[in-house]
Amino acid sequence: MLVAELSQASLLTLDTETTSLDPLSAQLVGLSLCTVPERVYYIPVGHRDQADARAPDQLAWDEVLNQLRPYLESPKLPKLGHNLKYDLAILSRHGVMLGGPLWDTMIASYLLDPGRRSHKLDDLAEKFLSRRLTSFAEVTGNDKRPDCFAYVGLPEARDYSCEDARATLLLWEIFRPELDRLDLWPLFSEVEMELVPILAEMERHGIIVDPAVLNLLSVEFHADIKRLEQEIIRLAGQEFNISSPRQLGEILFEKLGLPHGRKTKTGYSTDIRVLEELQRYHDLPTAVIRHRNLSKLTSTYIDSLADQVHPKTGRIHTSFNQTVTATGRLSSSNPNLQNIPIRTHEGQRIRQAFIPAPGCLFLSADYSQIDLRVLAHYAQDPALLKAFRSGRDIHVETAAEIFRTHSAMVTTEMRRVAKTINFGIVYGMSAFGLAGQLNISRKEAATFIDRYFDHFAGVKQFMHDIVEQARTNGYVTTLLNRRRVLPDINSTNRMQREFAERTAINTPIQGTAADIIKLAAIQVDHRIRKEGLQTKMLLQIHDELVFEVPIAEQEATTRLVKPAMESVLELSVPLIVNISTGANLAET
DNA sequence: ACACGGCGC
DNA sequence: TATCCGCGCCGTGTA
């Protein structure tokens with residue numbers, strides 16, 4: 001009956017039930033399928049009874065596959081799911097390469113409103129279908145086993161799973177016309193959905209960390225932390241918890257009587273800026289800064305990365321989340337591989353622990369100044385366009401303007417200030433924010449900003465226009481028509497309104513950069529396939545793609561990646577990609 | 001659950 | 001008068 005339906009279907013909705021959230025170890029328990037919301041089928045294949053034997057009344061997966069494979073793998077039949085990246089990974093491990101256009105209600109919901117807090121099926125069903133779905137906790141009861149779903153009775157599992165598949169299809173019937181109406185279909189089908197299997201493969205492949213390097217760092221840093229603890233206690237004259245900002249504040253500002261600066265809701269601020277200021281008066285802050293640096297690296301990166309090496313693969317498998325950020329960027333979690341330290345020497349040593357597979361090297365390809373290039377394109381500012389078209393150092397050019405000198409006379413310090421301003425511009429920063437960032441007076445900051453806008457008048461005009469556009473429309477868009485609503489843009493609360501105004505400036509820039517890097521990942525993936533290379537894309541870090549490249553493919557990959565990334569979109573200024581290679585992440 | 005602090009782009 | 005630069009994830013402390 002299902003098969004008869006499938007042969008007529010124009011869309012197949014599916015939802016997998018498994019033994020684990022980790023697709024690398026999850027076993028398939030059941031699969032629900034539907035082509036219309038009125039009839040949903042549940043196929044139990046991996047249920048266990050209470051004695052942990054195979055439950056009766058199930059189908060053998062091989063026989064199910066004999067019947068269903070042509071439809072599941074059909075390149076013509078579109079597949080709909082909620083968070084299809086997961087189902088894709090599960091089915092792939094069970095011998096099915098899901099084919100056809102992929103449509104995902106989680107991503108559809110995200111494109112329709114990227115600012116929404118949750119795109120979970122249960123929450124969307126409640127909001128758009130006025131239906132309360134049975135939660136996973138309700139169907140698995142008190143069972144705390146990681147593979148608890150396998151022990152759910154067949155009727156209960158069927159009802160639960162079918163409910164989810166049906167809700168997915170009903171949501172799709174709402175979202176699909178909305179995507180069309182808001183002109184989001186190309187972004188959805190040609191960008192976001194193309195990215196899904198690519199991200200799934202990046203996650204599956206993972207990245208190697210060298211446990212020997214991590215162990216060495218762990219031992220060394222723990223010893224340093226221990227020594228610093230002794231010194232801090234000596235300098236403070238008493239024991240206390242250095243990791244507690246509250247206790248640290250009491251020591252610094254009450255016991256030692258050092259001058260306190262800003263206060264937070266809960267007490268004195270003890271952040272890095274405050275501690276650096278206090279170094280003039282006492283040796284304690286210096287030791288605390290060093291202690292903070294080392295404990296941060298140890299707890300967040302060294303020890304926890306070692307814990308997250310997958311037992312089956314010996315690699316780290318992050319999750320790339322496609323429905324989290326308000327701007328269109330990806331995020332990475334469990335662990336976050338988009339914030340591995342880079343600036344400090346200790347950070348570089350952590351990067352050394354990330355290594356390519358034997359016989360391979362890492363190749364990193366990053367867009368040069370992508371945010372400012374996007375700004376140049378939007379603003380059509382003659383000076384900014386000229387600087388990028390002539391290939392000059394944008395921060396040096398900016399410094400020459402705001403310091404009223406020639407670019408040949410720009411010092412590294414002047415360049416640093418200009419760089420801060422350039423980043424601030426992208427974020428819609430005020431004179432107040434810039435002053436705080438550069439530790440200069442507000443008047444000086446205002447002078448820099450005035451001179452900046454004097455020279456880059458097109459940027460000023462752009463910032464004005466985009467805020468105006470946001471006020472009129474209630475939303476802003478990127479070059480690929482990604483949209484973000486700004487409910488507070490006309491708020492009477494000045495703080496809220498100004499925040500929305502900064503968002504109106506930043507989102508088209510950051511979001512367009514996100515569009516570009518997503519297009520790049522898709523293009524590069526397709527070309528790698530076409531050329532039959534073994535190179536694997538491992539990471540996306542906002543403006544950078546990192547690959548694991550067999551040594552013999554280094555040249556071919558470089559020749560492929562750079563032009564592919566530079567030609568994904570034609571802006572008014574060139575997109576420039578820098579390539580570097582190395583035997584670990586520190587070397588790239 | 002929330003605040004703080006800190007890592008990345 | 002006060003304002004405190006956009007987007008994330010995560011560890012720790014505190015309640």
Side-chain angles (χ1 to χ4, degrees), chain A residues 114-115 240-249 261-275 288-289 291-305 307-308 318-321 323-344 346-347 350-351 366-372 375 420-439 442 445 449 463 476 484 486 493-511 513-514 517 539-544 585:
Chain A
F240 71 103
N241 188 342
I242 305 158
S243 302
S244 162
R246 210 190 70 174
Q247 292 184 36
L248 177 63
R262 294 174 302 109
K263 282 199 158 190
T264 64
K265 285 172 197 167
T266 51
Y268 306 102
S269 170
T270 66
D271 70 14
I272 184 68
R273 299 274 316 277
V274 173
L275 294 181
V288 171
I289 291 171
H291 183 273
R292 274 212 184 136
N293 289 341
L294 290 180
S295 0
K296 169 81 179 180
L297 296 180
T298 306
S299 68
T300 308
Y301 299 102
I302 298 168
D303 292 346
S304 68
L305 272 180
D307 291 341
Q308 301 204 49
T318 186
S319 292
F320 288 106
N321 316 303
T323 61
V324 172
T325 72
T327 54
R329 276 183 173 180
L330 298 179
S331 79
S332 156
S333 58
N334 304 306
N336 181 353
L337 293 184
Q338 291 179 326
N339 73 341
I340 304 300
I342 189 166
R343 293 178 209 290
T344 63
E346 287 80 11
I350 291 172
R351 290 206 157 214
D366 71 299
Y367 282 109
S368 162
Q369 308 290 354
I370 191 163
D371 285 0
L372 287 173
L375 174 63
T420 304
I421 292 177
N422 275 328
F423 279 115
I425 294 296
V426 170
Y427 301 149
M429 183 171 54
S430 63
F432 185 91
L434 182 65
Q437 186 72 26
L438 288 174
N439 223 346
R442 232 170 81 194
I449 290 178
M463 291 169 71
V476 288
R484 178 177 184 183
L486 299 169
N493 179 320
R494 183 172 157 179
M495 276 255 285
Q496 287 183 8
R497 189 180 63 246
E498 288 183 342
F499 190 84
E501 288 170 0
R502 292 196 293 273
T503 309
I505 294 166
N506 175 257
T507 295
I509 299 171
Q510 194 182 115
I517 192 89
L539 302 176
Q540 187 262 43
I541 314 175
H542 304 315
D543 63 355
E544 175 186 16
L585 263 199

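Naming: A, B, ... by sequence-line order, numbering from 1 per chain.
- Within 4.0 Å of A/Ile509, counting heavy atoms only, lies no atom of the nucleic acid at all.
- A/Arg351 places a side-chain N or O within donor-acceptor distance of the main-chain N or O of A/Ile340, the cut-off being under 3.5 Å.
- Scanning for side chain to side chain contact (heavy atoms under 4.5 Å, CB included) contacts around A/Ile289 gives A/Ile272, A/Leu275, A/Glu276, A/Gln279, A/Asn293, with sequence neighbours left out.
- Panel note: side chain A/Thr325, backbone A/Gly328; a donor-acceptor pair is recorded below 3.5 Å.
- Side-chain atoms of A/Phe423 and A/Ile425, non-hydrogen and from C-beta on, never get closer than 4.5 Å to each other.
- Note on A/Glu544: nothing from the nucleic acid sits closer than 4.0 angstrom, heavy atoms only.
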How would DNA chain C look in dot-bracket form, 5' to 3', counting Watson-Crick and G-U wobble pairs with both distances under 3.5 Å and writing | for bases paired to another strand? .....|||||||||.

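- Between B/dG6 and C/dA2, the distance separating the two C1' atoms is 26 Å to the nearest Å.
- A/Thr318 contributes a side-chain N or O that, together with a main-chain N or O of A/Pro335, makes up a donor-acceptor pair within less than 3.5 Å.
- In this structure, the side chain to side chain contact (heavy atoms under 4.5 Å, CB included) partners of A/Ser368, at least two apart in sequence or on a different chain, are A/Arg373, A/Ile576, A/Asn578.
- In this structure, A/Ala326 reaches the sugar-phosphate backbone alone: every heavy-atom distance under 4.0 Å involves primed, P, OP1 or OP2 atoms, never a base.
- Among the protein residues, A/Arg494 comes within range of the nucleic acid bases, having at least one heavy atom under 4.0 Å from a base atom.
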